[in-house]
Amino acid sequence: MQPLERGLLVKRSHHCSELSLSHIGQTVTLAGWVASRRDHGGVIFIDVRDRYGLTQIVFDSEENAPLHATADRLRNEYVIAITGTVSVRPEGSENPHLPTGSIEIRAKTLELLNEATPLPFAIEDDVHASESLRLQHRYLDLRRPKMQQLLQLRSQVSHLTRNYLHAREFVEVETPILTKSTPEGARDYLVPSRVNPGEFFALPQSPQLFKQILMIGGMDRYFQIARCFRDEDLRLDRQPEFTQIDLEMSFVDREDIMQLIEDLIRLIFKETKQIDLPNPIPRLSFEESMGRYGTDKPDLRFDLPLQDLCQFAKTCDFQVFRRAVESGGMVKGLIIPKGAAFTRNRIDNLIDTAKEFGAKGLAWVKISDEGQLDSSIAKFLKTEALRSALPSANPGDLLIFVADQAAIVHQVLGRLRLLLGEELQLIDRTRWEPLWVIDFPMFEYDEESQRHVALHHPFTAPHPDDRAFLDSQPLQAKTLAYDFVLNGFELGGGSIRIHSPSMQEKVFDLLKISKVEAREKFGFLLDALESGAPPHGGIALGLDRLIMLLGQTESIRDTIPFPKTQKAQCLMTHAPSTVSPEQLQELSIRTTAKKPTATP
RNA sequence: GGGUGCGUGGUGUAGCCCGGUUAACACGUCUCCCUGUCACGGAGAAGAUCGAGGGUUCGAAUCCCUUCGCACCCGCCA
């Protein structure tokens with residue numbers, strides 16, 4: 001079937017959301033996709049859709065029989081241009097759900113710009129198609145208004161960010177995509193170098209070192225909307241390539257950076273969604289956050305805090321509790337409101353879940369509506385002692401306890417807290433609860449490699465009060481790092497950096513990065529630090545996650561026009577793919593995979 | 001690397017536990033009818049090797065094994 005009419009492209013005079021009663025009588029031209037066709041015999045209604053909206057077109061057989069006949073052949077997703085007269089809809093036939101619902105276009109000419117085969121799925125906001133089908137036909141998925149809005153939201157946020165930072169003297173600088181593999185951190189994506197056989201570039205996990213070098217280079221204020229690459233397994237909120245709003249400043253302290261970012265994020269929420277975030281944004285120390293919520297990215301949309309029972313445990317008769325505390329661990333619990341109604345089976349499931357999360361067990365106590373205790377460990381508990389240890393527990397509640405080393409207690413209860421918050425619908429989806437988490441420890445001890453590893457990254461400056469700890473008790477040392485958390489998602493993090501070469505060497509030393517390795521991997525940074533490095537610091541915000549939260553969509557993939565599946569593949573292009581033996585040869589590469597090369 | 005769930009016309013699902021005529025429903029598609037619809041309506045039609053392979057059985061969408069794909073999670077993500 002040939003297009004009905006082909007000629008010079010008629011230019012549109014308006015888009016599909018802007019015509020209203022004030023345009024009545026005007027001759028206009030619209031262009032777009034056929035969103036729906038309602039054929040009443042003598043009259044055909046076409047909704048034409050573009051990025052902006054929908055407009056109804058009317059083809060009337062009495063007005064123009066040949067044109068009506070051609071409109072009969074239109075199908076969904078055909079691309080058309082229509083010229084016609086803007087008319088008032090007959091009384092009673094207005095559509096209040098449509099911005100253009102009080103008018104329609106009475107068609108005079110129709111140009112068929114392209115046809116379309118029947119679609120694998122319908123273009124509508126309320127998708128019924130599976131995500132793999134959507135990703136295979138992403139060009140169709142992107143036509144959905146919801147996807148268009150998300151991409152526009154993303155553009156709007158980038159634009160606001162650029163304007164905001166430019167207005168504050170930031171310079172947008174591009175850093176290399178082909179760069180050097182570094183130890184620590186995530187697995188690198190590698191790119192072979194043809195002219196240097198056997199050698200590889202790495203794609204940047206972040207522009208971290210380059211932005212520090214830019215400060216040393218005197219740029220003073222840098223930013224970039226930067227693509228980052230990490231070859232780790234994917235999650236709902238994790239893609240192998242993602243985008244950060246990345247910035248760095250010289251001659252600032254952490255207050256300067258946190259203030260700058262708070263204002264930016266408040267601006268973004270206000271301008272795009274008319275949401276007022278708190279001012280100032282609350283802060284929690286890492287220690288408080290772990291102690292109260294069992295995580296360094298707490299979801300503050302619901303409370304359900306961890307309860308400390310160490311004092312109670314010390315004096316109770318239950319050996320498991322007492323020993324945990326006596327051996328340097330702790331006992332903490334959750335008060336589950338109305339949890340006394342849980343069945344034994346549901347409690348058993350909770351226990352299994354706790355074990356999956358790493359607990360050795362989970363003790364529980366039901367407080368009946370009459371205030372009686374029913375418990376797995378009833379014979380060890382004195383009612384009075386327990387009630388005075390947990391004054392906020394009420395009749396009808398369920399108490400659960402984990403006794404172990406602090407890290408395990410916090411991990412298990414932190415996750416149970418989230419799980420229960422979800423299950424018991426304690427999370428208020430209309431709330432926005434940002435916070436800063438500060439005063440992170442500098443290091444944690446990694447049992448596997450038997451050494452300290454940086455909690456943030458090895459360029460993070462220690463807190464000035466804690467420098468003395470670096471030699472004596474490095475695990476006690478805190479940093480000048482800060483994480484921005486919103487509704488339980490880590491949206492960004494940064495720090496004041498080390499600008500003294502001796503401090504940087506000391507930290508490499510503590511991380512057991514040898515002088516030789518430090519020189520080989522970071523020699524340029526060490527040299528640069530010795531050349532007159534200004535005090536500096538910065539932050540990076542995850543743009544994709546920000547859009548996901550702001551756009552209230554359930555997956556990071558909805559915020560990325562062409563995302564990867566959980567196996568890090570693109571279902572539309574079928575990347576990654578095998579390559580020809582010639583390509584590999586040129587790169588001096590031989591693979592050990594079963595399907596190493598493309599079949600010709 | 002591991003765990004869980006899903007896979008049935010173009011799409012979304014039911015059927016699967018407990019094997020048994022022609023695999024059901026909705027949407028979409030096609031044909032015809034219809035001058036005020038916007039989830040248009042009416043009449044009819046086409047369309048499925050039940051993800052793939054193997055096994056058990058007289059008989060498998062259904063039970064078993066293997067495998068592939070997608071999702072969620074653990075590990076991993078300085």
Side-chain angles (χ1 to χ4, degrees), chain A residues 35-49 54-63 65 68 72 75-77 87-98 100-101 104 106 116-124 126-137 140 182-188 205-206 208-209 228-240 242 352-353 355-358 411 415 418-419 440 442-444 446 448-449 452-460 479 481 490 493 495 507-508 511 513 540 542 554-555 557 564-567 569 571:
Chain A
S36 103
R37 167 171 161 273
R38 295 177 294 278
D39 183 352
H40 287 250
V43 63
I44 296 173
F45 301 97
I46 297 286
D47 286 342
V48 60
R49 182 196 67 237
L54 291 178
T55 301
Q56 174 164 287
I57 317 293
V58 187
F59 295 90
D60 193 325
S61 58
E62 280 181 12
E63 262 175 50
H68 174 269
D72 195 45
R75 294 294 180 271
N76 280 341
E77 300 309 307
S87 311
V88 193
R89 291 197 187 187
E91 206 178 329
S93 67
E94 303 88 353
N95 184 346
H97 305 296
L98 220 55
T100 59
E104 61 194 10
R106 304 200 69 89
T117 51
L119 302 183
F121 59 90
I123 310 293
E124 54 192 17
D126 190 16
V127 260
H128 297 294
S130 71
E131 195 172 4
S132 35
L133 196 69
R134 290 171 52 207
L135 291 178
Q136 256 173 62
H137 306 276
L140 295 177
T182 52
E184 312 268 313
R187 203 175 287 118
D188 286 320
Q205 295 180 26
S206 85
Q208 182 59 37
L209 292 169
C228 305
F229 306 85
R230 294 179 190 174
D231 187 5
E232 297 295 348
D233 286 347
L234 284 74
R235 287 287 187 282
L236 183 75
D237 62 346
R238 263 163 41 190
Q239 280 276 305
F242 60 99
D352 288 344
T353 309
K355 285 178 178 166
E356 269 172 48
F357 291 162
Q411 158 156 286
R415 288 200 199 165
L418 270 186
L419 203 73
F440 283 82
M442 189 104 182
F443 308 105
E444 58 189 353
D446 181 45
E448 202 180 318
S449 59
H452 295 108
V453 293
L455 205 74
H456 190 54
H457 59 53
F459 318 107
T460 305
T479 59
E490 183 195 324
S495 62
V507 170
F508 283 155
L511 293 170
I513 299 175
E554 56 289 332
S555 158
R557 293 182 295 275
K564 310 280 189 288
T565 65
Q566 197 154 44
K567 273 190 73 186
Q569 294 172 326
L571 295 180

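Just so you know, these numbers use all the heavy atoms, side chains as well, and skip hydrogens, waters and symmetry mates.
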How long is the line joining [atom1] of [X] and [atom2] of [N], in whole Å?
X        : N      : atom1 : atom2 : value
A:Ile123 : B:rA39 : CD1   : P     : 17 Å
A:Ile44  : B:rC38 : CD1   : P     : 16 Å
A:Arg557 : B:rC70 : CZ    : P     : 11 Å
A:Asp233 : B:rC74 : CG    : P     : 11 Å
A:Arg37  : B:rC38 : CZ    : C1'   : 14 Å
A:Glu77  : B:rG28 : CD    : C1'   : 13 Å
A:Gln569 : B:rG69 : CD    : C1'   : 9 Å
A:Glu356 : B:rC72 : CD    : P     : 18 Å

Base-pairing assignment for [N] (Watson-Crick or G-U wobble, both under 3.5 Å):
N      : value
B:rA46 : none
B:rU56 : none
B:rC76 : none
B:rG9  : none
B:rU4  : B:rA71
B:rA23 : none

Practice problem: Not counting sequence neighbours, which residues clear side-chain contact (heavy atoms from CB on, under 4.5 Å) with A:Ala540? List them please. | Solution: A:Gln244, A:Asp246
Quiz item: Ignoring hydrogens and angles, are the base of B:rC77 and the side chain of A:Arg230 linked by a donor-acceptor pair under 3.5 Å?
Solution: no
Mind checking ring-ring contact (aromatic ring centres under 6.0 Å, His included) for [X] and listing every partner two or more places apart, or none if nothing turns up?
X        : result
A:Phe242 : none
A:His40  : A:Phe45
A:Phe443 : A:His452

Going by salt bridge (Lys or Arg N to Asp or Glu O under 4.0 Å), name the residues that satisfy it together with [X], two or more places apart in sequence or in a different chain.
X        : answer
A:Glu232 : A:Arg187
A:Arg230 : none
A:Arg89  : none
A:Glu131 : A:Arg557

Quiz item: So which nucleotide from B:rU37, B:rG75, B:rU29 ends up closest to the side chain of A:Gln411?
Solution: B:rG75
What's the gap between [N] and [M] when it is taken at their [atom1] atoms, as a whole Å value?
N      : M      : atom1 : answer
B:rG19 : B:rU57 : C1'   : 9 Å
B:rG69 : B:rA26 : C1'   : 26 Å
B:rU8  : B:rG53 : P     : 15 Å
B:rC77 : B:rG10 : C1'   : 39 Å
B:rG59 : B:rC33 : C1'   : 46 Å
B:rA60 : B:rC50 : C1'   : 11 Å
B:rG51 : B:rU35 : P     : 45 Å
B:rU66 : B:rG5  : P     : 15 Å

Quick one: label [X] by what it contacts on the DNA or RNA (base, sugar-phosphate, nothing), any heavy atom closer than 4.0 Å.
X        : answer
A:Leu571 : sugar-phosphate
A:Leu54  : nothing
A:Glu94  : base
A:Arg134 : nothing

Quiz item: Is the shortest side-chain N to carboxylate O distance from A:Arg106 to A:Glu104 below 4.0 Å?
Solution: yes
Practice problem: Considering only NZ, NE, NH1 and NH2 on the basic side and carboxylate oxygens on the acidic side, decide whether A:Asp47 and A:Arg38 come within less than 4.0 Å. | Solution: yes
Quiz item: Can you tell me if A:Thr100 uses its side chain to pair, donor with acceptor, with the backbone of A:Leu54 under 3.5 Å?
Solution: yes
Self-check item: A:Gly101 backbone acceptor or donor facing A:Gln56 side chain under 3.5 Å
Solution: no
Quiz prompt | Contact pattern, 5' to 3', of nucleotides 5-14 of chain B - B, S or - by protein heavy atom under 4.0 Å | solution = -----SSS--
Practice problem: Could you encode protein contacts along nucleotides 31-36 of chain B as a string, one character per nucleotide from 5' to 3', using B for base contact, S for sugar-phosphate-only contact and - for no contact, with a heavy-atom cut-off of under 4.0 Å? | Solution: S--BBB
Quiz item: Do any side-chain nitrogens or oxygens of A:Ser36 fall under 4.0 Å of OP1 or OP2 in B:rC38?
Solution: no
Practice problem: Please report the shortest heavy-atom distance between A:Val43 and A:His68, naming the atom on each side. | Solution: N-NE2, 3.9 Å
Exercise. Report the residue (A:Leu98 or A:Gln205) whose heavy-atom-nearest nucleotide on RNA chain B is the more 5′ of the two.
Key: A:Leu98
Quiz prompt | Nearest-nucleotide comparison on RNA chain B, the residue closer to the 5′ end among A:Asn95 and A:Ala454 | solution = A:Asn95
Tabulated below should be each protein N or O lying under 3.5 Å from an N or O of nucleotides 46-51 of chain B; please produce it.
none

Quiz item: What residues form a side chain to side chain donor-acceptor pair (under 3.5 Å) with A:Asp126, not counting sequence neighbours?
Solution: none
